[in-house]
There are 2 protein chains.
Amino acid sequence: MSQAHTRVPLTERTPEDCPVREVLDRVGDKWSVLIIVMLGRSTHRYSELHRTIDGISQRMLTLTLRALVRDGLVSRTAHASVPPRVDYALTDLGHTLLEPLTALDHWATLHREDIRAAREHHDRAQAPRPDGP
Amino acid sequence: MSQAHTRVPLTERTPEDCPVREVLDRVGDKWSVLIIVMLGRSTHRYSELHRTIDGISQRMLTLTLRALVRDGLVSRTAHASVPPRVDYALTDLGHTLLEPLTALDHWATLHREDIRAAREHHDRAQAPRPDGP
DNA sequence: CAGCATCCATGGAGATACTG
DNA sequence: CAGTATCTCCATGGATGCTG
């Protein structure tokens, strides 16, 4: 870790140059973060994730897991037992991602109400007036 | 800001309970981060953003800016001059978001090659065999 | 149990043309 | 200059049924 930063603060200007965007492209979808966080706590089987995540379809769970495995963030371990058993766990790489996500989470927890407030304020500002414009 | 953390580490389990997901829902889209980062450096006018972001359509620029303004992350200042001039800037709230985004950026910069490598490795593993399966 | 395959609805996002 | 208005396309994602 000596040359990694050629001083490109956050982004240059194009979506492709931007590392943050790369992460968000992989993890900014609807389910990845949930899964990563779940696996950050402990290893889980497919069915556990399916039950716990609540709202996710088999399709999306499978697709998302595959993507995460492909990117080396999650490991997949299939046990050749009679009722098949597959465990998913965070890789070391996946664990390192947990930290910046936690930072984001702290921000979100601290400011979610600010956003809510701003939005309501803004909506109230030029909202549809009940008795006409 | 004293009771904000009832100890919900990152997510409970549902997408709705999860603050991180809330942020990603607002900022995980294709352009928000780019804009936030641009504005993190300095105030910019509409046309500057449109030129600089490169690839963004007027439609998406407008929509994204509106959403950011609505959420209180960006401020919009219209100067009533002859050629209209509108400046966009980060609000204080927007600036605080810059920090966790920077954390994400550092992670991305550090590990983008790990992901690339993992993906290539994985793709090579059970890739389409040239001479049939 | 742990998926895969298929169909289908939604809306995110680009291209283009027009306006205050 | 700083947007709006339409049209359209396609990726995301849900529901359902089948399989090793």
Side-chain angles (χ1 to χ4, degrees), chain A residues 14-16 18 21-35 38-39 43-71 74-89 122 126 128 133, chain B residues 14-16 18 21-35 38-39 43-71 74-89 122 126 128 133:
Chain A
T14 70
E16 293 75 28
C18 183
R21 271 247 44 84
E22 259 183 72
V23 193
L24 292 180
D25 280 346
R26 311 283 143 197
V27 143
D29 63 67
K30 200 170 175 183
W31 304 108
S32 292
V33 183
L34 269 323
I35 294 180
M38 288 294 308
L39 297 182
T43 294
H44 284 291
R45 326 177 31 170
Y46 184 90
S47 53
E48 289 176 336
L49 292 171
H50 192 206
R51 269 197 317 277
T52 314
I53 299 259
D54 185 87
I56 195 171
S57 62
Q58 283 188 328
R59 173 190 154 86
M60 288 325 294
L61 180 55
T62 302
L63 287 181
T64 309
L65 282 173
R66 265 218 283 260
L68 293 174
V69 168
R70 192 171 100 103
D71 289 352
V74 165
S75 68
R76 194 196 111 118
T77 313
H79 306 273
S81 48
V82 175
R85 174 198 183 95
V86 179
D87 286 330
Y88 291 93
H122 182 268
Q126 73 266 268
Chain B
T14 70
E16 294 74 28
C18 182
R21 270 247 44 83
E22 260 183 69
V23 192
L24 291 180
D25 281 346
R26 310 284 145 197
V27 143
D29 63 65
K30 199 169 173 184
W31 304 108
S32 292
V33 183
L34 269 324
I35 294 179
M38 286 295 307
L39 297 181
T43 294
H44 285 290
R45 331 178 28 172
Y46 184 91
S47 53
E48 287 175 337
L49 292 172
H50 192 207
R51 268 198 317 276
T52 314
I53 299 261
D54 185 86
I56 196 171
S57 61
Q58 282 188 326
R59 172 191 155 84
M60 288 324 295
L61 179 55
T62 301
L63 287 181
T64 308
L65 282 173
R66 265 218 283 259
L68 292 174
V69 168
R70 192 172 100 103
D71 289 351
V74 165
S75 69
R76 194 197 111 117
T77 313
H79 306 272
S81 47
V82 176
R85 173 199 183 96
V86 179
D87 285 329
Y88 291 93
H122 182 269
Q126 73 264 269

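When reading the values below, keep in mind they use all heavy atoms of this one structure, side chains included, and skip hydrogens, waters and symmetry mates.
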Could you tell me the separation between the [atom1] atom of [X] and the [atom2] atom of [N], rounded to a whole number of Å?
{"X": "A/Asp29", "N": "C/dG11", "atom1": "CG", "atom2": "C1'", "answer": "16 Å"}
{"X": "B/Arg21", "N": "D/dG13", "atom1": "CZ", "atom2": "C1'", "answer": "13 Å"}
{"X": "A/Ile56", "N": "D/dA15", "atom1": "CD1", "atom2": "C1'", "answer": "14 Å"}
{"X": "A/Leu61", "N": "C/dC1", "atom1": "CG", "atom2": "C1'", "answer": "13 Å"}
{"X": "B/Met60", "N": "D/dA11", "atom1": "CE", "atom2": "C1'", "answer": "14 Å"}
{"X": "A/His50", "N": "C/dA2", "atom1": "NE2", "atom2": "C1'", "answer": "11 Å"}
{"X": "A/Leu63", "N": "C/dA2", "atom1": "CG", "atom2": "C1'", "answer": "14 Å"}
{"X": "B/Lys30", "N": "D/dA11", "atom1": "NZ", "atom2": "P", "answer": "11 Å"}

Any protein N or O atoms within reach of nucleotides 1-4 of chain D? Criterion: under 3.5 Å, listing atom names and distances.
| residue | atom | partner | partner atom | Å |
| --- | --- | --- | --- | --- |
| D/dC1 | O3' | B/Arg45 | NH2 | 3.0 |
| D/dC1 | O3' | B/Pro84 | O | 3.0 |
| D/dA2 | OP1 | B/Arg45 | NE | 3.1 |
| D/dA2 | OP1 | B/Arg45 | NH2 | 3.0 |
| D/dA2 | OP1 | B/Val86 | N | 3.2 |
| D/dA2 | OP2 | B/Ser47 | N | 3.0 |
| D/dA2 | OP2 | B/Ser47 | OG | 2.6 |
| D/dG3 | OP1 | B/Arg76 | NH1 | 2.3 |
| D/dG3 | OP2 | B/Tyr88 | OH | 2.7 |
| D/dG3 | N7 | B/Gln58 | OE1 | 3.3 |
| D/dG3 | N7 | B/Gln58 | NE2 | 3.2 |
| D/dG3 | O6 | B/Gln58 | OE1 | 3.1 |
| D/dT4 | OP1 | B/Arg66 | NH1 | 2.7 |
| D/dT4 | OP2 | B/Arg66 | NH1 | 3.2 |
| D/dT4 | O4 | B/Gln58 | OE1 | 3.3 |

Which residues share a side chain to side chain donor-acceptor pair (under 3.5 Å) with A/Gln58, sequence neighbours left out: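 Checked A/Gln58 against side chain to side chain donor-acceptor pair (under 3.5 Å); zero matches.
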Contacts of A/Tyr88 that satisfy side chain to side chain donor-acceptor pair (under 3.5 Å) - sequence neighbours left out: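 For A/Tyr88, no residue satisfies side chain to side chain donor-acceptor pair (under 3.5 Å) once neighbours in sequence are set aside.
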For A/Asp87, the option from A/Arg76, A/His44, A/His79 that meets side chain to side chain donor-acceptor pair (under 3.5 Å): A/His79
Inter-residue atom distance A/Leu61.CG - A/Ser47.OG, 0.5 Å rounding: 9.5 Å
Check against side-chain contact (heavy atoms from CB on, under 4.5 Å), B/Leu65 and B/Leu49: CA-CA 10 Å; B/Leu65 282 173; B/Leu49 292 172; 4.1 Å; yes
Shortest non-hydrogen contact from B/Gly28 toward A/Leu24: CA-CD1, 4.4 Å
